[in-house]
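On a predicted model such as this, the values are computed, not experimentally measured, just so you know. Residue numbering restarts at 1 for every chain, and letters A, B, ... go by the order of the sequence lines.
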There are 2 protein chains.
Amino acid sequence: MTITAPAKSARDRVGSVLGPTWPDGTANVFSSACPSRTVLDHITSKWGVLIIVALADDTLRWGELRRTIDGISEKMLAQTLRVLENDQLVLRTVHGTIPPRVDYRLTDLGRDLCEKLIPLLGWVSQNAAAIVSTPRGNA
Amino acid sequence: MTITAPAKSARDRVGSVLGPTWPDGTANVFSSACPSRTVLDHITSKWGVLIIVALADDTLRWGELRRTIDGISEKMLAQTLRVLENDQLVLRTVHGTIPPRVDYRLTDLGRDLCEKLIPLLGWVSQNAAAIVSTPRGNA
DNA sequence: CTGTATCCTTTCAGATACTG
DNA sequence: CAGTATCTGAAAGGATACAG
């Protein structure tokens, strides 16, 4: 292995764990121009994680998603679903029936991502109460 | 195990994977009032993930963090660090020297979280290029 | 070097009303 | 049922200047 760039602590070390996003290694997630930044923003948008995880096991209908994810507005549900669908993480199926029925489910890509998300959300669920219960000026 | 609530597909199934945040099981991450929502918002804030992962291996100084995380403003770095510190994920150490030196490193809690974040960021790094390169009206 | 304070712009997000 | 359109207020975020 040839090392050309100067070793720069975290950036390179974590970079080697994550791997560069571009084959030439010019960009990783710490670079502002990196596409992984865009995707990360989509996923970590206010509702992205919750929608994906809600679809972990099931195909859900629009109304089911809306009821499952407490507090989401129709606007944000539609908006986030569109982004997720465009990222090929969620698949939208329209049944040409009256009344209309639309199903949402994860793509293979989405399911793959979901498996990374579940442990994260599990950790948050377990530790959230402890974190929030020590508010020293918390937002 | 006593089941009192009607089984509601994803909400309960994923809920059983994640576990309830409150011991009485009244709230999980899908509930808007759940504290895990707050913590999740902190972590998935625009810069939260990046800061935590940047500190994965190293203690970093303010300036190092600023240079590592490309594109972050001083304001957002300070703001996000304060939230993370308050959540007991990041530890701030002030050395009383001139010129001033301040170190940031992960707490045990933060390191634990970081281990859930690395696989996620790794996945994003590997798949981002493919996702972004198929823009059918992408934002 | 490590931040704060201020101003300003952009984006997010909810409420409401409406459509096929 | 499954959305869209529009409006409005709140919040996030960035640039710049300044302070200890």
Single hit among B:Leu55, B:Leu60, B:Asp58, B:Thr59 for side-chain contact (heavy atoms from CB on, under 4.5 Å) with B:Arg105: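 Answer after filtering B:Leu55, B:Leu60, B:Asp58, B:Thr59: B:Thr59.
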Nearest-0.5 Å distance that lies between atom OG1 in A:Thr80 and atom CD in A:Glu85: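 Reported value, rounded in 0.5 Å steps: 12.5 Å.
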Return the CG to CZ distance between A:Asp57 and A:Arg111, rounded to the nearest 0.5 Å.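 So the CG of A:Asp57 and the CZ of A:Arg111 are separated by 10.5 Å.
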Would you mind reading off the distance between [X] atom [atom1] and [N] atom [atom2], rounded to a whole angstrom?
X: A:Ile98; N: C:dG20; atom1: CD1; atom2: C1'; value: 8 Å
X: A:His42; N: C:dT11; atom1: NE2; atom2: P; value: 13 Å
X: B:Tyr104; N: C:dT2; atom1: OH; atom2: C1'; value: 8 Å
X: A:Asp41; N: D:dA12; atom1: CG; atom2: P; value: 15 Å
X: A:Met76; N: C:dA15; atom1: CE; atom2: P; value: 13 Å
X: A:Leu77; N: D:dC1; atom1: CG; atom2: C1'; value: 13 Å
X: B:Glu64; N: C:dG3; atom1: CD; atom2: P; value: 12 Å
X: A:Gln79; N: D:dT6; atom1: CD; atom2: P; value: 15 Å

Is a side-chain N or O of B:Thr107 found less than 3.5 angstrom from the main chain of B:Leu91, in a donor-acceptor match?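 No; zero donor-acceptor contacts below 3.5 Å.
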Check this one for me: any side-chain N or O of [X] less than 4.0 Å away from OP1 or OP2 of [N]?
X: B:Arg92; N: C:dG3; value: yes
X: B:Trp62; N: C:dT4; value: no
X: B:Arg61; N: C:dT2; value: yes
X: A:Arg82; N: D:dT4; value: yes
X: A:Arg67; N: D:dC1; value: no

Closer to the 5' end of DNA chain C via nearest nucleotide, is it B:Val94 or A:Gly71?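 Between the two, 5'-proximity favours B:Val94.
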Among D:dG3, C:dA13, D:dA17, the one nearest A:Lys46 by side-chain distance: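 It is C:dA13.
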Using the side-chain heavy atoms of A:Glu74, tell me which of these nucleotides is nearest: C:dG3, D:dT4, D:dA2.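 Of C:dG3, D:dT4, D:dA2, D:dT4 is nearest to the side chain of A:Glu74.
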When hydrophobic residues are tied together by side-chain contacts of less than 4.5 Å, even through go-betweens, does B:Ile98 share a cluster with B:Val102?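 No: no chain of side-chain contacts under 4.5 Å links B:Ile98 to B:Val102.
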In terms of the nearest nucleotide of DNA chain D, which residue is placed more toward the 5' end: A:Pro100 or A:Lys75?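 The 5'-side residue here is A:Pro100.
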